[in-house]
Amino acid sequence: MSLFRAVATIGGNTMISRVLGLVRDMLTAQALGAGPLSDVFVVAQRLPNMFRTIFAEGAFSTAFVPLFAHKIADEGEAGAQAYAERAMAVLLTGLLAITVLAEAFMPLLIPLIAAGFTDRPEQFAAATSLTRVTFPYLLFISLVSLQGGILNSLGKFGAVAFTPVLLNIFMIAAVFWGRRYGHVVEALAWSVSIAGLAQFLWLAISCARAGMALKLPMPRLTPDIRRLLALMGPGVFGASVNQINLFVSTNVASLLPAGSVTYLYYADRLNQLPLAVVGIAVGTAILPTLSRQLRGGDVVAATETQNRGLEFAFLFTLPAAAALAVIAQPILSVLLVRGTFTEYAAHETALALTVYAFGLPALVAVKVLVPAFYARQDTRTPVRIAVASLVVNLVLTLILSRFFAHVGNALATTTAGWVNLILLGLALRRRGHLTLDRRLLATVPRQILAAVAMAGLLLAVERALDPALHDGAGWMRYLALTALIATGLAGYALFVFLVGAANWRDVKRLLKRQAA
C-alpha cells in the first residue's frame with residue numbers, strides 16, 4: 001500500500017472515530033457539565049490511559065513493530081507469528097500484575113494524578129471508585145496494541161484504525177443508558193472497560209483473517225523477547241516523561257478552581273482531532289515503511305518517505321491549527337453549551353484550545369520524526385529529548401499557572417512541544433538522518449501562507465455569522481457553524497491551489513506508487 005493511501009486509510013477511520021468522539025464529548029458535557037463530577041471522570045480515564053500510553057502505544061508498539069517487520073523478512077510469517085505469541089505471553093503476564101497491584105493500591109495512585117482531590121473527600125472517594133472500574137481497560141488495550149502492530153506491519157491498517165470507533169460507540173450508549181437510569185458517570189466508567197474487551201475481540205478476529213491467529217504459550221524470556229524488553233526500556237521511560245507532563249498539568253489544574261481539569265480536557269480533546277487524524281496516521285504508516293526501507297539499505301527511499309510524511313502532515317495540520325486558534329469560541333459554544341455546560345465554561349475552554357492550537361504543528365511533526373529513530377532501533381535519543389521537554393513543561397506549568405490559571409498549563413504544554421520538535425530535528429540532522437528536500441522547503445512556507453489567508457477569511461465570516469452563531473435557534477447555530485467550517489475548508493483549498501502549496505500530480509502518483 002502506498003504511503004498516501006495508508007495515511008488516508010488510517011486518517012479516514014480515525015476521522016470517523018474522532019467525529020463520534022466529538023458526539024460523545026457533547027453528550028458527556030451536557031450530562032456532567034464542568035465541575036467536580038466531570039473532573040472526577042477525567043481523572044478516572046487518565047490513569048489507565050496513562051499506563052496504556054507508557055506500556056502499549058508508547059514503549060511496546062514502537063519497539064515491537066520494527067522487530068516484527070524484521071522477523072517477517074528473516075523468518076517469514078510463521079516465524080513472526082511465533083515471535084508475536086511469545087511477546088503476547090510476556091506482555092499479558094506483566095499487565096495482569098500491574099492491574100492487580102493498581103486495583104489494590106488505587107488510593108495511593110489517585111494523589112499522583114490529582115493532588116487537589118485529597119482535600120475534597122467526596123471527589124477523592126469517587127475518583128478511587130471509578131478508576132478501579134476503568135483500569136482494566138489497560139489490559140485489553142495493550143493487547144490491542146500488539147495486535148495492531150502485527151496488522152500494521154502486514155499493511156492492513158483499516159481494522160486497527162477502526163478500533164477507537166468501538167470505544168466511542170460504547171461510551172455514547174453509556175451516556176444514554178446512564179441518563180435514563182440516573183447513573184451517567186458510573187455507566188461511562190464501565191463502558192470504558194467493556195469497550196476495551198470489544199476492541200480486543202475485534203482485532204483478534206482481524207488477526208485470524210490475516211493468517212495470524214495468535215495462541216498463548218507459556219511466558220518465556222527468550223533472546224528475542226529480551227531484545228524487545230531492552231528496546232522497550234528507554235521507550236517506557238520516554239513515554240513516562242510525556243505522561244509526567246500530563247501528571248503535572250492535571251495535578252496543578254486540580255489545585256485550581258473546580259472545572260479547570262475539565263476545561264483542559266475538552267480543549268485537548270478538540271486539539272487531538274487533527275493530531276490523531278493526521279499526525280498519528282502519518283506516523284503509524286511511516287514506521288513499518290521506514291523499517292523495511294532501512295532494512296534494505298535504501299536510504300534515498302527512506303529520506304523521500306520522511307519528507308513526504310512531513311509535507312502531508314503540515315498540509316493538513318496548519319489549517320487545522322489556524323482554524324482552532326481563531327474560531328475556538330464559536331466551535332465550543334455551539335458544540336458543548338447545553339445542559340449543565342455553560343457559556344462561561346465554553347469561554348474558559350476556548351482560551352486553552354487557542355493556546356493548544358499553536359503547538360499542534362509541532363506535535364504532529366514529532367509523530368513524523370520519532371519513527372526515524374525507532375526504525376533504526378534507537379529508543380534512547382527520543383527519551384533524552386523528552387526529558388528536556390519535561391523540564392521545560394514542569395517549570396513553565398508551575399510558573400505560568402500562577403498567573404494564567406489553566407491557560408498557563410496549556411501554554412507550558414505548547415512550548416514544551418516545540419522544544420521537543422526542535423531538539424529531535426537537530427539530533428536527526430546531526431547524524432545525517434534528516435535531509436529536507438527542495439520540494440518540502442518550497443512547499444511548507446506556501447502552506448503557512450495559505451493557512452494564514454484562511455484564518456483571515458474565517459474571522460471575516462465569523463463576524464458576519466455572529467448573530468446566528470450566538471443567538472440563533474439550536475439548528476441555526478449548527479447550520480452557521482457548518483457554513484463557517486465549510487467556508488474555511490473551501491477557502492484553504494483555493495489558497496493552496498493559488499500559492500502552489502501542494503503538488504497535486506505527485507499526490508496522484510502517490511496513490512498508485514507502492515512504497516518500497
Side-chain angles (χ1 to χ4, degrees), residues 13-49 52 122-123 126-138 140-141 144 161-203 258-259 261-270 272-273 276-277 331-343 345-346 349 473-479 481-482:
N13 280 284
T14 305
M15 176 62 80
I16 296 172
S17 171
R18 292 295 168 163
V19 170
L20 287 175
L22 182 60
V23 173
R24 178 193 91 193
D25 288 341
M26 291 168 61
L27 294 171
T28 304
Q30 180 181 8
L32 302 182
L37 188 60
S38 63
D39 286 354
V40 164
F41 181 64
V42 170
V43 168
Q45 291 186 94
R46 183 139 293 169
L47 194 59
N49 280 316
R52 178 202 69 191
E122 291 186 1
Q123 273 190 300
T128 301
S129 175
L130 291 178
T131 308
R132 279 178 167 150
V133 173
T134 61
F135 199 84
Y137 179 70
L138 163 68
F140 298 118
I141 202 61
V144 164
F162 185 78
T163 51
V165 173
L166 297 174
L167 174 64
N168 288 318
I169 290 174
F170 275 87
M171 293 186 73
I172 289 171
V175 173
F176 285 110
W177 189 93
R179 290 176 65 177
R180 180 174 181 179
Y181 295 101
H183 301 284
V184 176
V185 71
E186 292 85 354
L188 281 169
W190 279 104
S191 71
V192 171
S193 291
I194 295 171
L197 174 61
Q199 290 172 316
F200 168 72
L201 295 175
W202 163 254
L203 285 194
V261 174
T262 302
Y263 303 149
L264 290 171
Y265 170 76
Y266 284 119
D268 181 63
R269 287 283 299 169
L270 274 177
Q272 289 288 326
L273 175 60
V277 172
I331 290 175
L332 289 163
S333 179
V334 173
L335 295 181
L336 298 185
V337 175
R338 59 179 48 80
T340 57
F341 200 92
T342 64
E343 280 286 356
T349 305
W475 65 270
M476 181 64 73
R477 299 181 75 200
Y478 282 111
L479 185 61
L481 181 61
T482 301

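For the single chain, residues carry numbers from 1 onward in sequence order. Nothing here was measured: the structure is a model prediction, and the numbers come from that model.
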Here the gap from Ser38 atom OG to Phe341 atom CZ, rounded to the nearest 0.5 Å, amounts to 8.0 Å
Heavy atoms of Ala346 and Val337 approach each other most closely as CB-CG2, 3.6 Å
Glu122 meets the salt bridge (charged side-chain N to carboxylate O under 4.0 Å, His left out) criterion, sequence neighbours left out, with none
Arg132 meets the salt bridge (charged side-chain N to carboxylate O under 4.0 Å, His left out) criterion, sequence neighbours left out, with none
When rounded to the nearest 0.5 Å, the distance separating CZ of Arg180 from CH2 of Trp177 is 10.0 Å
So OH of Tyr137 and OG1 of Thr131: to nearest 0.5 Å the spacing works out to 15.0 Å
From the list Leu37, Thr262, Leu27, side-chain contact (heavy atoms from CB on, under 4.5 Å) with Leu32 holds only for Leu37
Applying side-chain contact (heavy atoms from CB on, under 4.5 Å) to Leu166 and not counting sequence neighbours gives Phe162, Gln199, Trp202
To the nearest 0.5 Å, atom CD1 of Ile141 lies from atom CG of Leu197 at 11.0 Å
So the salt bridge (Lys or Arg N to Asp or Glu O under 4.0 Å) pairs with at least one residue in residues 19-28 (sequence neighbours excluded) are Asp25-Arg269
**Message:** Using side-chain heavy atoms (C-beta onward) and a distance below 4.5 Å, is Leu481 in contact with Leu335?
**Reply:** yes
For Thr128, the side-chain hydrogen bond (donor to acceptor under 3.5 Å, both in side chains) test, sequence neighbours excluded, returns none
Rounding to 0.5 Å, atoms OG1 (Thr163) and CG (Leu201) come to a distance of 12.5 Å
task: Output yes when a side-chain donor or acceptor of Tyr266 lies under 3.5 Å from a complementary backbone atom of Leu332, and no otherwise.
output: no
Can you give the donor-acceptor pairs under 3.5 Å from side chains of residues 182-194 to other protein atoms, not counting sequence neighbours?
unit_1: Ser191; atom_1: OG; unit_2: Leu188; atom_2: O; d: 2.6
unit_1: Ser193; atom_1: OG; unit_2: Val133; atom_2: O; d: 2.7
unit_1: Ser193; atom_1: OG; unit_2: Thr134; atom_2: O; d: 3.4

